[in-house]
Amino acid sequence: MNLLFRLSQNLMFCKARSILVPKNSVSPAFSKAGRFVKKPLLAIVFCFCALFFACKEEEEEPDRALDLSGYSGGSIILVDFGGEQEKKIKTGSYGSYILARVNLNDSPVEYSKTGYVASFSGGSRSASATEQTDVQAGMREPFATVANKSADSYSYKQYKQHEKAQKFNSAPPPVKPRPQGPQASIQGPLLAESPAIGTEKTFWIDKSNGTFEEKTAKLSCTTGNWELWSLIKEDGSLYIPENSGVYTLFFDAYYNALTTLLGYEYGGGPNGNGGMDGNKKIKILAYDFEEDSITGYFWGKDAYLNDDADFTKEGLKSNEAEIIYMNSKLFKSNIFEVTLIHELQHMIHFNKKVLSKNPGKQLNSSVWFNEMISMVCEDLIGPHGTIHSDTKGHPIRERMPTALQYYWTSGTTELNVNSPIVVFQYDNMYSFGAYLARNYGGPKLLQEMVNNNYVDEESILKAIEACGEKVPAGGFNEIVSNYSLALINRNTSKPTFHITSPSLKIGEFNYEFTPIILWNKQKFPNWTVFYTNTFATEATSIQFSATIPPKGFVLECENSWLDMKSEQLTITLRRPEDPNVKLYMIRL
């Protein structure tokens with residue numbers, strides 16, 4: 001109740017008592033030693049007592065608003081609605097304020113069920129809304145527009161993975177005892193050491209129609225850890241000419257750096273037996289893929305024997321070797337090298353989670369988890385060769401700018417190879433993985449995720465613990481929420497991309513992640529990840545009807561919320577209908 005209103009009430013009460021009580025009446029309760037207190041004076045005493053207690057009550061009445069003035073820049077604050085449908089937010093006089101709507105469900109949620117800004121005042125202008133549709137999400141393109149964008153405009157990001165190989169690697173047949181040492185195969189006895197340059201050999205090649213055909217390849221060149229085989233064209237020439245070793249100069253550097261950190265492929269390493277083919281060198285089979293958008297792939301089928309009934313019933317053909325398939329059209333490019341790092345992680349991952357386990361104990365990693373690790377390996381291992389953060393092909397340069405612009409199109413654990421925006425999903429998975437590595441243990445986090453006996457979210461949490469980092473009280477969901485702040489945090493305090501994470505030295509290799517300064521306008525013109533003028537006071541014809549993806553979020557603000565100098569904001573938020581959607585206020 002307003003203090004002025006209470007004062008006027010009390011004064012009216014005093015006046016009324018003075019009129020109604022007889023002037024000369026006596027109150028025994030207030031008599032002492034023959035002295036009497038007149039009623040008008042008593043009324044005045046009551047009046048001031050009432051005023052005093054009214055003031056005291058006014059002072060003690062709690063302010064139910066969430067006050068953000070005590071939070072420093074780089075804070076993310078959960079909006080606790082309690083039992084209320086709305087929550088008032090009061091900001092400090094300085095800083096920028098962002099609203100994050102975080103979907104912690106494992107499925108998408110309609111945007112209309114994620115709460116909204118009912119009103120705000122302060123800053124440069126005020127706005128109010130009585131209906132959800134009155135508060136527009138104009139900072140994002142309509143979902144359909146994004147979905148219909150052509151991936152052709154993205155030079156590196158247009159490339160995708162081999163769908164059948166991905167599906168197999170995430171759910172392979174039961175593991176049986178693996179062969180030991182050189183094996184007899186459809187090719188005859190395989191060599192324990194690399195044959196001479198020019199040696200021919202046949203391989204099973206998958207066709208776009210789902211079948212396999214046998215084709216002849218020739219050994220083009222070898223390095224300390226790789227054999228580069230090229231299919232022979234119909235005219236007798238090779239996709240990769242013989243003696244092309246000058247272009248494979250850094251192949252060994254990538255292999256040595258990655259295996260020293262993560263461990264080896266099946267049969268690899270100093271004490272390895274060469275795996276399926278008894279050859280410690282990994283085969284690269286290069287040819288022009290029928291589908292140009294695929295840069296390369298590892299397919300776990302090649303770790304199975306062709307006489308395995310459970311394997312052959314799927315209609316697959318194994319090359320019974322540790323082998324990676326590469327698109328020869330990219331040879332001599334940085335993308336070829338980056339892809340080699342990416343696929344080698346898949347090969348090591350398959351050994352660690354599947355082949356090295358006892359029968360029935362294999363671990364099946366989800367595609368998003370496996371792909372995320374491979375892209376973060378590109379980030380970490382690339383600089384050990386020629387792929388630095390500013391180099392074409394490095395994910396900081398290629399994937400981060402798009403992740404900043406289209407982070408809202410997919411969740412942190414979402415990957416659908418048939419989606420028209422699958423390129424954005426890859427970018428977002430890399431961004432999330434880059435955030436994890438920089439905030440929760442550095443290179444050791446990668447090492448632990450690949451080598452521990454867990455997969456997916458549980459593997460991430462166990463790896464964080466193994467790195468000596470504190471797992472947030474809210475577990476993986478809190479990590480996702482903090483990631484929303486990391487995308488816009490300008491500080492070097494966690495959570496942020498602009499951080500020097502712990503390095504790791506193993507032998508001759510020193511592993512460290514490059515801090516990413518997201519507000520570098522030249523590298524990341526869309527670093528803000530949200531546009532201003534988000535909220536409108538009137539309904540418009542442009543409606544944002546998309547869903548917020550699982551384990552995903554949306555960041556929103558308005559012009560007057562940014563770079564405040566003196567005037568405070570009061571924001572009223574409406575409670576989300578879905579209980580697994582959380583609202584956060586971020587102070588930058």
Side-chain angles (χ1 to χ4, degrees), residues 161-162 164-186 190 192 203-204 206 225-227 255 258-285 296-314 316-325 340-367 369-371 373-374 377 446-456 458-459 462-463:
Q161 297 295 306
H162 191 292
K164 290 185 291 185
Q166 274 188 335
K167 183 178 179 180
F168 184 97
N169 295 345
S170 63
V175 173
K176 294 184 178 180
R178 314 313 314 156
Q180 300 293 317
Q183 303 298 315
S185 76
I186 55 174
L190 296 178
F203 292 87
W204 288 107
D206 68 302
N225 300 287
W226 305 90
E227 292 179 353
Y255 176 88
L258 191 58
T259 56
T260 299
L261 177 68
L262 301 184
Y264 295 92
E265 75 283 2
Y266 180 70
N271 300 319
N273 57 26
M276 290 292 289
D277 57 6
N279 186 345
K280 289 189 177 182
K281 293 185 179 181
I282 298 175
K283 290 177 172 59
I284 302 171
L285 182 60
Y297 59 95
F298 161 76
W299 198 337
K301 69 176 181 61
D302 295 306
Y304 292 75
L305 296 172
N306 280 302
D307 60 4
D308 184 336
D310 290 336
F311 173 76
T312 54
K313 71 179 181 181
E314 302 294 332
L316 301 175
K317 290 292 186 180
S318 172
N319 284 309
E320 299 183 352
E322 287 67 49
I323 184 171
I324 292 174
Y325 305 87
L340 204 60
I341 297 170
H342 185 112
E343 301 307 329
L344 178 57
Q345 190 285 137
H346 287 324
M347 178 180 282
I348 296 170
H349 198 113
F350 195 79
N351 180 39
K352 295 290 185 175
K353 302 295 187 183
V354 179
L355 301 179
S356 64
K357 305 301 179 185
N358 293 325
K361 301 293 184 180
Q362 69 188 51
L363 301 169
N364 296 340
S365 294
S366 294
V367 174
F369 178 66
N370 203 341
E371 294 294 340
I373 294 176
S374 275
C377 282
L446 282 180
Q447 186 182 60
E448 293 292 337
M449 287 191 295
V450 173
N451 285 277
N452 64 24
N453 290 318
Y454 306 92
V455 295
D456 304 347
E458 189 174 10
S459 176
K462 295 294 185 181

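Everything numeric in this text was worked out from a predicted model, so none of it was measured.
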**Request:** Could you check if a side-chain atom of Lys283 sits within less than 4.5 angstrom of a side-chain atom of Phe203, using non-hydrogen atoms only?
**Result:** yes
**Message:** Distance alone, cut at 3.5 Å: any donor-acceptor contact between the side chains of Asn370 and Ser365?
**Reply:** no
**Asked** With no hydrogens and no angle check, is any side-chain donor or acceptor of Glu322 less than 3.5 Å from a backbone partner on Met276?
**Response** yes
**Fill in**
Heavy-atom closest pair (Ile341 atom, Leu258 atom, distance to 0.1 Å) is O-CD2, 3.7 Å
**Prompt:** To the nearest 0.5 Å, how far apart are CD1 in Ile282 and CZ in Phe298?
**Reply:** 9.5 Å
**Message:** Does either side chain, that of Asn453 or that of Lys357, offer a donor lying less than 3.5 Å from an acceptor on the other one?
**Reply:** yes
**Item:** Residues in side-chain contact (heavy atoms from CB on, under 4.5 Å) contact with Lys352, at least two apart in sequence or another chain
**Value:** Ile348, Val450, Asn451
**Prompt:** For Lys281, does its backbone N or O pair with a side-chain atom of Glu227 as donor and acceptor, under 3.5 Å?
**Reply:** no
**Prompt:** Backbone N or O of Trp204 within a donor-acceptor pair of the Asn319 side chain at under 3.5 Å?
**Reply:** yes
**Fill in**
NZ of Lys164 to CH2 of Trp299, rounded to nearest 0.5 Å, is 4.5 Å
**Message:** What's the separation between atom CD in Glu448 and atom CG in Leu262, rounded to the nearest 0.5 Å?
**Reply:** 11.0 Å
**Message:** Rounded to the nearest 0.5 Å, what separates atom NZ in Lys301 from atom CG in Asp308?
**Reply:** 13.5 Å
**Message:** Test of understanding: with side-chain contact (heavy atoms from CB on, under 4.5 Å), list the residues that count as partners of Ser459, not counting sequence neighbours.
**Reply:** Lys353, Phe369, Met449, Asn452, Tyr454
**Prompt:** If only atom types and distance count, is the side chain of Asp277 paired as donor or acceptor with the main-chain N or O of Asn279 below 3.5 Å?
**Reply:** yes
**Message:** Would you say that Asp206 contacts His162 through its side chain, given a criterion of any heavy-atom pair below 4.5 Å between the two side chains?
**Reply:** yes
**Item:** Partner residues of Thr259 under the side-chain hydrogen bond (donor to acceptor under 3.5 Å, both in side chains) criterion, sequence neighbours left out
**Value:** none
**Prompt:** Going from CD on Glu371 to CD1 on Ile373, what distance comes out if it is rounded to the nearest 0.5 angstrom?
**Reply:** 10.0 Å
**Message:** So, using side-chain contact (heavy atoms from CB on, under 4.5 Å) as the criterion, who are the partners of Asn351 when residues are at least two apart?
**Reply:** Tyr266, Leu355, Ser356
**Asked** Checking side chain to side chain contact (heavy atoms under 4.5 Å, CB included) for the pair Trp226/Ile324: CA distance, chi angles, key distance, verdict?
**Response** CA-CA 10 Å; Trp226 305 90; Ile324 292 174; 4.1 Å; yes
**Prompt:** So do Glu343 and Met347 actually touch side chain to side chain, heavy atoms under 4.5 Å?
**Reply:** no
**Prompt:** For the residue pair Lys280 and Gly272, what are the closest heavy atoms and their distance?
**Reply:** CE-O, 2.8 Å
**Request:** For Lys317, enumerate each residue passing the side-chain hydrogen bond (donor to acceptor under 3.5 Å, both in side chains) test, keeping only those at least two apart in sequence or located in another chain.
**Result:** none
**Spatial distance of atom CG (Leu340) from atom CD1 (Ile284) [nearest 0.5 Å]** = 4.5 Å
**Message:** I'd like to check the side-chain contact (heavy atoms from CB on, under 4.5 Å) partners of Pro172; sequence neighbours left out, ordered by chain and number.
**Reply:** Phe168, Tyr304, Phe350, Val354, Gln362, Asn364
